[in-house]
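Written below as structure tokens is the structure these notes are about.
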Amino acid sequence: MITAIRNKIKSIPSWIYWLIMAVVLLFIIIFNDVWDGEDSFIVFSLFYYIILFVSIVRWIFQQTKSILALRRDKVNMEMLHLKSQVNPHFFFNTLNNLYGLVKKDPEQAQELILKLSEMMRYSIYDGQNDWVPLEEEITYLKNYLELHKSRYHKKVSIEFNATIDKDGYMIMPLLLILLVENAIKHGVEKLRHDAYVNIELKANDDQINFTITNNFDPEDQEKGPGGIGISNLKRRLEIGYKKEFDLDLTKEYSTFTAHLSLYKV
């Protein structure tokens, strides 16, 4: 029966509840002088003020909870939006490249199609998770680089060295790819010859260190490497890692180096 009464009270619109509380308060104020000293009136007033206090505290708690939920939803939506901005036209360019490769070298085309399939699976499914094993992110990067190598008809040096001292490292998905895309876009894609990208990843002592260096044409761009990809990376780091990271970007004439250290792993 108590549960039924509680459910009926919850079903009452909040404005009606607060209207009733206001009317009762007005009643207490009006008849305070008339019934002052009456034990029943004192008990009634005390009981009312206790209910009023509890109701106000409960209302403040609900409002705070609602505000925090809205902020959390906003952060989640922003994170999904940032993930969706990971260079989508790469897939279309790769498909166009594979179309021409199917007749020329069917075996290589099949191998690259498999890598592209693995990348798309990771991007669509695993990319929606908050955290993924570091090994999966590394595989994604390697597939990305292999597909890029197949596109070029010029000499490009791309090296990727990764060492992990133990299993269990976790990372935000599609995070490191933003630095790799930045190096490819502003370096390899723009240079006609002697383009290079050197990547080194070390996971030890419960932290991840990622360093990527690429060359670029200083005369081709005034601002140098950067742009939306770096901005998205910084925002994702702020959301997911709070202050548990360091990001250093260095540009020296024709060389750009990005070093990222992650401590929340």
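These numbers come from a predicted model, not from an experiment.
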Does a side chain donor of either [X] or [Y] reach within less than 3.5 Å of an acceptor in the other side chain?
X: N198; Y: T213; answer: no
X: H259; Y: S261; answer: yes
X: Y140; Y: D126; answer: no

Keeping [X] on the side-chain end and [Y] on the backbone end, is there a donor-acceptor pair under 3.5 Å?
X: D105; Y: Q108; value: yes
X: N215; Y: Y196; value: yes
X: T64; Y: I60; value: yes
X: R236; Y: M172; value: no
X: T139; Y: E135; value: yes

Qualifying side chain to side chain donor-acceptor pair (under 3.5 Å) pairs with a residue from residues 158-168, counting only residues at least two apart or across chains: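 Qualifying pairs, neighbours excluded: D165-Y169, K166-D206.
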Step-by-step side chain to side chain contact (heavy atoms under 4.5 Å, CB included) determination, V197 to S157: CA-CA 6 Å; V197 176; S157 174; over 6 Å; no
With a 4.5 Å heavy-atom cut-off, do [X] and [Y] have their side chains touching?
X: L114; Y: Q110; answer: no
X: V54; Y: V57; answer: no
X: I230; Y: N182; answer: yes
X: T255; Y: F216; answer: no
X: L260; Y: L176; answer: yes
X: E189; Y: H148; answer: yes

Set of residues satisfying side chain to side chain contact (heavy atoms under 4.5 Å, CB included) with respect to [X], sequence neighbours excluded:
X: I113; answer: L98
X: S55; answer: Y17, W18, I51
X: L46; answer: I50

Candidates L141, I171, L262, L175 - the one meeting side chain to side chain contact (heavy atoms under 4.5 Å, CB included) with F210: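 Of all the options given, the one that passes is L141.
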Name of the residue among L179, L178, I184 meeting side chain to side chain contact (heavy atoms under 4.5 Å, CB included) with E181: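 Checked L179, L178, I184 against E181; only one passes side chain to side chain contact (heavy atoms under 4.5 Å, CB included): L178.
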I need the minimum non-hydrogen distance between [X] and [Y], along with the two atoms involved.
X: A203; Y: L134; result: CB-CD2, 3.7 Å
X: A258; Y: L249; result: CB-CD2, 3.6 Å
X: K202; Y: E200; result: CE-OE2, 2.8 Å
X: F245; Y: K242; result: CE2-O, 3.0 Å

In Å and rounded to the nearest 0.5 Å, what is the [atom1] to [atom2] distance from [X] to [Y]?
X: D217; Y: H186; atom1: CG; atom2: NE2; value: 13.0 Å
X: L201; Y: I164; atom1: CG; atom2: CD1; value: 6.5 Å
X: E146; Y: I158; atom1: CD; atom2: CD1; value: 8.5 Å
X: L147; Y: K115; atom1: CG; atom2: NZ; value: 7.5 Å
X: I199; Y: N214; atom1: CD1; atom2: CG; value: 9.0 Å
X: M119; Y: L112; atom1: CE; atom2: CG; value: 11.5 Å

Taking only residues two or more places apart in sequence, or in another chain, which ones meet F160 in a ring pair (Phe, Tyr, Trp, His ring centres under 6.0 Å)?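 Result, ring pair (Phe, Tyr, Trp, His ring centres under 6.0 Å) vs F160: none returned.
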Is it true that W131 and Y241 have ring centroids separated by less than 6.0 Å?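 Yes, close enough.
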Short N-O contact, R235 and E238, less than 4.0 angstrom: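 Salt bridge: yes.
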Could you see if I20 belongs to whatever hydrophobic cluster contains F47? Use Ile, Leu, Val, Met, Phe, Trp, Tyr and a side-chain cutoff under 4.5 Å.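 Same cluster.
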Is there a chain of hydrophobic side chains (I, L, V, M, F, W, Y, each step under 4.5 Å between heavy atoms) that links I212 to L191?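 Result: no, two separate clusters.
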Under the side chain to side chain donor-acceptor pair (under 3.5 Å) test, which residues partner Y122, sequence neighbours left out?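 Listed in chain order: E137.
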